[in-house]
Structure formats: C-alpha cells, structure tokens
Undergrad: 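Let me begin by handing over the structure; questions about it come next.
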Amino acid sequence: MMKTNFIKLLKYVPMGILALLLLSCERDLEDLSPVGFSENPEIFIDGFSSGLNYAAFGASVPTAFDVDKAVSYDNTPASMRFEVPDAGDPRGAYAGGSFFTEVPRDLSNYNALTFWAKASQSADIDVVGFGNDLGESKFQVTILGLAVNTNWKKYIIPIPDPSRLTAEKGMFFYSEGPESEKGYTFWIDELKFENLGTLAHKQFTILNGEEQVETSFVGVTKNINGLTASMNLPDGVNQSVYINPAYFTFESSDPAIATVDAKGKVDVVGGPGSAAITAKVGNIEAQGSLSLESMGNFEQAPVPNKAPEDVISLFSDAYSNVPVNYYNGFWAPYQTTLSADFEVNGDHILHYTDFNFVGVEFSSPTVDATAMTHLYMDIYIPNALPSNAQLKIELVNQGAAASAVFSKTIAANQTQQWISVDIPFSDFSGLTGTDKLFQIIFVNENGVMSSFYADNIFFYNDGTPPPPATEPATPAPAPTIAAVNVSAVYSDAYTAIAGTDFYPDWGQATQVTEIQIQGNKTLKYAGLNYQGIQLGSSQNIATMTHLHLDFWSANSSLLSVFIISPGPVEKGVALSVPTTGWVSLDIPLSQFAPVNMNDVIQLKFDGNGDIYLDNIYFRK
C-alpha cells in the first residue's frame, strides 16, 4: 500500500513540491533562537489560530481547501474541508497545500501532531505531515497513504525529536489525488500539537534499516535515504513516518575515506580504504549503515568519439539518451541481479551486483536502428575472473520469436579495466530485424562473474549506408481538399464510394492486403502484375478535374494507372517509379481521354514490384 501511494504521489505532485515534501532544500540556515516565540500548539480548533497562512501547491486546485460549518467532529462549530478533484479536472490535478506561520513557534514541549479526520468514502490520503514551510522545510515529517473512512477517527503523527522544533513555521501540509480517477471529500478537525505521555519505543532508520556494503571510488557521491522514525501509539500501533535528515546526526568512521554532511550527503574523498556511515537521533542509534570500500581513484570509461548524428544512445553522458523504461527490470523470481549505480565527477555508471542476468528495456517507444550497424558498450569487471568467464549479450527486436545472441569471452587479464564491446549486428545469431529493438539482456553465461560496471551503451552506424527502406515508415500525407469537392475511392480522410471491391477476380497474380501505417489504412500491392478496383457503382465525374493518388515503391520499375468506362474503354497514365518516399500526384482527367467520365466503373494499376497506395480520389 505504501508503495502504491508513493507512486500516486509522484503522479499528482509537481517535482518542485516533492522536493519540499520528502527532501530538505540545499540552503543551510543556522537554527533560530526560540526567544519570544509562541508555544501555541493550536492550528485549527473551531477556526484558525492567530498568524496562520495557507498556500496551495503548484498545479493543485487552488480552492480545494475551505472551512466547513456544516460538518465537524463532535458538533464543533467548524472543520477543515478538502475537495479532491476528479482526474482531468481543468482546475488542477490534485488537492494539496501547506499551513504555515510567518513567525516561528516553539513546539519543543510537544511530542505529536494530532487531529480527527473522516472522508466521504474509504481512501488513502497520499501525504500528510508537518514541517513544510515552503522554504527549507528542515524538520519535515511525512506519512504516506493515511487510511481514512466515513467515520471520525483520531490520528497521531509523532515528532521524532521535539527538542529540534524551537522555531518551526510548518504547521501542517497535505497532498491527495483522485482515487480510481474519481474525486471525493475529506475533513480534518481539532488539529493541534500535543504532549502525549504514552508514545514509546522510539526507533530510527537510515537506508530503511539495511546494512549496506558498497564498493566505491574517489569522487562518488551518495545521499543517505530511507530515513524513518517509528513510535508506539496509545492504541498499540507502531506508527512509522518519513523524516528529513536534519533530525539525524551523521558520522563517518574515517573522514579521510568518506565524509558525510548534516544532510546525509556522502562524498568519497580518499582510498584505498573503508569507512562506515552511521547516524543517531539524540542519543538513539539509528538502524542501518553504509559500509564503503573505496578502491581509490576511478578510471572512467573512454569518451566515445562517434558523431551524435550516427548514434542512438541508451546510456551515456556523451550523448542525449532515448527514453529507457529501466536499466534493471528485476525479473523475479529467477533474477538475482541488483543495481548499485553511482556517479563519479558527473559521470553516471551502471553497477550490477549479484549478477546472474539483467535486462535493459526501451519499449516505450521501441528503437528503430535500421540505419545503425553496431551495438557498442564499455564494460568493467571489478573482480578477478577465471579464464573461462563469458558474458552473453542478447538483443531483442519486437515481434521476434527469440532474442538474438552474442557471447563475449572475458579473458582473465581483462579485469579491473574498461573493455570496449563493439558488436556488428551481423554477429548477433538469429537477429531478423532492428526496426523495433526493445531489450538488451546480459547473462552470466557460466556463473563466474559476480558484478560489472557498464557505460556508453549505444547503437551506431560505422559509415555504411543504411539499407533502403522496403516499406513506408510514415503514412501518406493527409489530404487537404474539402470533402464537398471530392469523390473518394480509397482514403481515411473521406467517405469512400460504397460497395467498392478492391480485389476483383481478374486472374491477376498481385497479392492485395490492407496494412496500418501509424494507424492509417494503406493498400499494399505485392508482386504487382495488374490489379483492378471495381467501383461500388458507376460514377459520373464529369464535374471533376483530376485523379489524385499517393503512391510509394522501393522496387518497382514500371507502374501505370488506368480509368475505365463501359466497353471497356480505358486509358493509362505512366507513373515514375521507384519513388524516394510518398509521391502525391494530381493527374488531369483530360489525360485519360477517350474514357467516358460520365460513366466510370473501374480503376486499374499494372506494372511490377511492390506498390503502396493511399488517398485515391477524384477532385474538382
């Protein structure tokens, strides 16, 4: 549930607001003195306390919040009402905002924010919390996915370390998007800070309580995340909250190897050597740690020298990358490979650990690499290997029955250095096309590689002219002639002559199919010798002036189009083929004399090769 709500939060909250919600800002302000600050714990008790302001978050419905005097907890005079919009509401994508004061308050004598809430339906409010002052939000505390229903219930958000809140402006904030695309209403009442003597068993985590071990290098930067606190509430529930780094005191066991600042930003500064990053809240040790094994200076991969216009990049700081779904899909239950990606001096590196196999997917959209000739990547094996180590690389084109395979043997003396893997498409056994590439899969072929780094993964053209296209990549141009001036035979743009037969049995060898090109219907004549079109009824086109058609062919050397009236009387006009793309042609009807334009019954094409046709119509 927590993960689902967090994903929903990402959908409805702009990135700038997310930075305020879950991270502290980069500014580093000195703690303010509490001298003279009010200790007023009330936010909304039958009305707003003095000095309180409200600001709606960007892209939210600005009028989502209001005071409700009809619905309240325990028949009090008023409550806070929040109207969540439907999906697609033009006023805003979600309801969200912050209640804050201009003058800080001293909240150090309280250990929880409490309130009563109910909703018009059962729902999970994406985000609620305190400490968001629309500025540094240094001591922010957040609950994701707060479950509410149609009954009033008291909620408690514990304060991790009250001694920190001597000058706090952020009293309360929330963010909620539609549930199942539908909006609803929720109410909050009796919103205040309290000192509850029944909160117990404080626990804190960094890195979600995990004991992480990572190999690293000088110049690598990492932010300590997974910062949480939990306390036992009066009802026996252990309430977990996400908290900002300012509640923690971080420590490095060896600052000569790695330093950590007050915001949990870790910089590897020396090596070889190791350092452990830990943290406390007050005098309570946080669960979780980061053990870094610095290997010293990092040898970066060679900078690619291919011209950008000859490259389709999936992962490289040297080029603009195409959209990639993921670099590690973690295909359970069989995959063990994890990711520990890092950045060294601005260079991003993929790091795969516990490696058995892993997939990079780029299916939205797929990659048309028909103009490319090679797959390139840089690989670094950090550990010693036996002489039989083998990395299998599979390339998958959409619609293929199986992936195409290339196996790369890694020599024992190739470890702890960058290896340039440069694979012509022709070396991939079983590769039947590169027009809809969507996956690269790495396989630990004989199980002896535990991890590897990867950089500069891209397709490129080595200077070989791309093969000629065998079918159109884009549909024919959309017609612009008004329908009132058109008598259409075949076109998505107009209503065509009813009952027309596009494959009459005239003894022809041509194979006729209708294909879709980016959603546009197109006629394909494969292996043309001749092909007729029997109109659904005789057409009087004497008031028309031209026959229009769009045609495309990569391999035809002869093509003509005929108009036919009873007799039969027919006349053809030769078309220039092959084409270099779609050809839009308007042929004066006078060129088809002596055909009777008062009684046109058929069209015919003859020639050779494969022909694509669209937008066949007579026009004024």
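Side chains are part of it too, since the values below use all heavy atoms of this structure and drop only hydrogens, waters and symmetry mates.
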Undergrad: Going by atom types only, do N328 and S339 share a side-chain donor-acceptor pair under 3.5 Å?
TA: yes
Undergrad: Using every non-hydrogen atom in the two residues, find where F57 and Y94 come nearest and quote the distance to one decimal.
TA: CB-OH, 3.0 Å
Undergrad: Any donor and acceptor pair, going by atom type alone, linking the side chain of S313 with main-chain N or O of S320 inside 3.5 Å?
TA: no
Undergrad: Distance-only, no hydrogens or angles: does the D378 side chain make a donor-acceptor pair with backbone N or O of N456 under 3.5 Å?
TA: no
Undergrad: Nearest 0.5 angstrom please: F362 CZ to I440 CD1, how far?
TA: 4.5 Å
Undergrad: F442 versus M377: any side-chain heavy-atom pair under 4.5 Å?
TA: yes
Undergrad: Determine whether F458 and L314 make a side-chain contact, defined as any pair of heavy atoms from C-beta on separated by less than 4.5 Å.
TA: no
Undergrad: Without swapping roles, check the side chain of Q398 against the backbone of D435 for a donor-acceptor pair under 3.5 Å.
TA: no
Undergrad: For D86, look at atom CG and say whether over 12 heavy atoms of other residues, nucleotides or ligands are found less than 6.0 Å away.
TA: yes
Undergrad: Does any non-hydrogen side-chain atom of D66 lie less than 4.5 Å from one of E83?
TA: no
Undergrad: Answer with yes or no whether the side chains of T336 and D354 bring together a donor and an acceptor at under 3.5 Å.
TA: no
Undergrad: Check whether any side-chain heavy atom of L375 lies under 4.5 Å from a side-chain heavy atom of I393, and answer yes or no.
TA: yes
Undergrad: With rounding to the nearest 0.5 angstrom, report the CG to OH distance, D606 to Y530.
TA: 10.0 Å
Undergrad: Has the side chain of D610 got a donor or acceptor atom that lies under 3.5 Å from a matching backbone atom of N555?
TA: no
Undergrad: Which heavy atom in A95 sits nearest to a heavy atom in A64, and how many Å separate them?
TA: CB-CB, 3.6 Å
Undergrad: Measure from the side-chain N and O atoms of D341 to the backbone N and O of H351, and report whether any donor-acceptor pair falls under 3.5 Å.
TA: yes
Undergrad: So, does N397 use its side chain to make a donor-acceptor pair with the main chain of K436 at under 3.5 Å?
TA: yes
Undergrad: State the CG-OH distance between N615 and Y490, to the nearest 0.5 angstrom.
TA: 9.0 Å
Undergrad: Please name the pair of heavy atoms, one in T545 and one in K620, separated by the smallest distance, quoted to 0.1 Å.
TA: OG1-C, 3.3 Å
Undergrad: Checking side-chain polar atoms at under 3.5 Å, does Q508 have a donor or acceptor matched by the opposite partner on Y525?
TA: no
Undergrad: Report the residue from L613, N529, I611 that forms a side chain to side chain contact (heavy atoms under 4.5 Å, CB included) with F605.
TA: L613
Undergrad: With a 4.5 Å heavy-atom cut-off, do N356 and Q335 have their side chains touching?
TA: yes
Undergrad: As a quick check of understanding, evaluate side-chain contact (heavy atoms from CB on, under 4.5 Å) for L535 and I601, giving each step before the final call.
TA: CA-CA 6 Å; L535 301 181; I601 58 172; 5.7 Å; no
Undergrad: Counting only N and O atoms by type, is there a donor-acceptor contact under 3.5 Å from the side chain of D126 to the main-chain atoms of G177?
TA: yes
Undergrad: Is it the case that atom NZ in K571 sees more than 12 heavy atoms from other parts of the structure closer than 6.0 Å?
TA: yes
Undergrad: Show the numbers, then the answer: is there a ring-ring contact (aromatic ring centres under 6.0 Å, His included) between Y453 and F342?
TA: CA-CA 10 Å; Y453 310 140; F342 57 91; 5.5 Å; yes
Undergrad: Quiz question: by atom type and distance under 3.5 Å, do the side chains of N149 and S122 form a donor-acceptor pair?
TA: no
Undergrad: For side-chain contact (heavy atoms from CB on, under 4.5 Å), just list the numbers for W506 and Q602, CA-CA rounded to whole Å, side-chain angles, deciding distance to a tenth of an Å, and then say yes or no.
TA: CA-CA 12 Å; W506 292 358; Q602 295 167 340; 3.4 Å; yes
Undergrad: Atom CZ of R619 and atom OG of S487: how far apart are they, to the nearest 0.5 Å?
TA: 13.5 Å
Undergrad: Please work out which of the three classes, parallel, tilted or perpendicular, describes the rings of F452 and Y352, given edges at 30° and 60°.
TA: tilted
Undergrad: So, for P178 and A87, which heavy atoms are closest and what is the spacing to 0.1 Å?
TA: CG-N, 3.5 Å
Undergrad: If I compare all heavy atoms of S584 with all of P477, which pair ends up nearest, and what's the gap?
TA: OG-CG, 3.8 Å
Undergrad: Apply the side chain to side chain contact (heavy atoms under 4.5 Å, CB included) test between L437 and each candidate in T366, L395, V396; give the one that qualifies.
TA: L395
Undergrad: Would you please test I410 and I379 for side-chain contact (heavy atoms from CB on, under 4.5 Å) and show each step?
TA: CA-CA 10 Å; I410 309 296; I379 300 293; 5.5 Å; no
Undergrad: So does Y460 get a backbone contact from the side chain of T373, meaning a donor-acceptor N/O pair under 3.5 Å?
TA: yes
Undergrad: Taking all atoms of both residues into account, what is the closest heavy-atom pair of P479 and Y617, and its distance?
TA: CB-OH, 3.8 Å
Undergrad: Atom CG in L134, atom CZ in F173: separation rounded to 0.5 Å?
TA: 10.5 Å
Undergrad: Do the side chain of D368 and the main chain of T370 share a donor and acceptor less than 3.5 angstrom apart?
TA: yes
Undergrad: Return the CG to OG distance between L558 and S553, rounded to the nearest 0.5 Å.
TA: 10.5 Å
Undergrad: State whether the side chain of D614 and the backbone N or O of D550 hold a donor-acceptor pair below 3.5 Å, judged by distance alone.
TA: no
Undergrad: With the side chain counted from C-beta on, respond yes when I564 and K604 share a heavy-atom pair under 4.5 Å apart, and no when they do not.
TA: yes
Undergrad: Going through the distances and angles, do F65 and Y174 end up as a side-chain contact (heavy atoms from CB on, under 4.5 Å)?
TA: CA-CA 10 Å; F65 162 70; Y174 75 100; 4.1 Å; yes
Undergrad: Measure the shortest side-chain to side-chain distance between D455 and F315 over non-hydrogen atoms and say whether it is less than 4.5 angstrom.
TA: yes
Undergrad: If we only count heavy atoms from C-beta on, is the F618 to V489 side-chain gap below 4.5 Å?
TA: yes
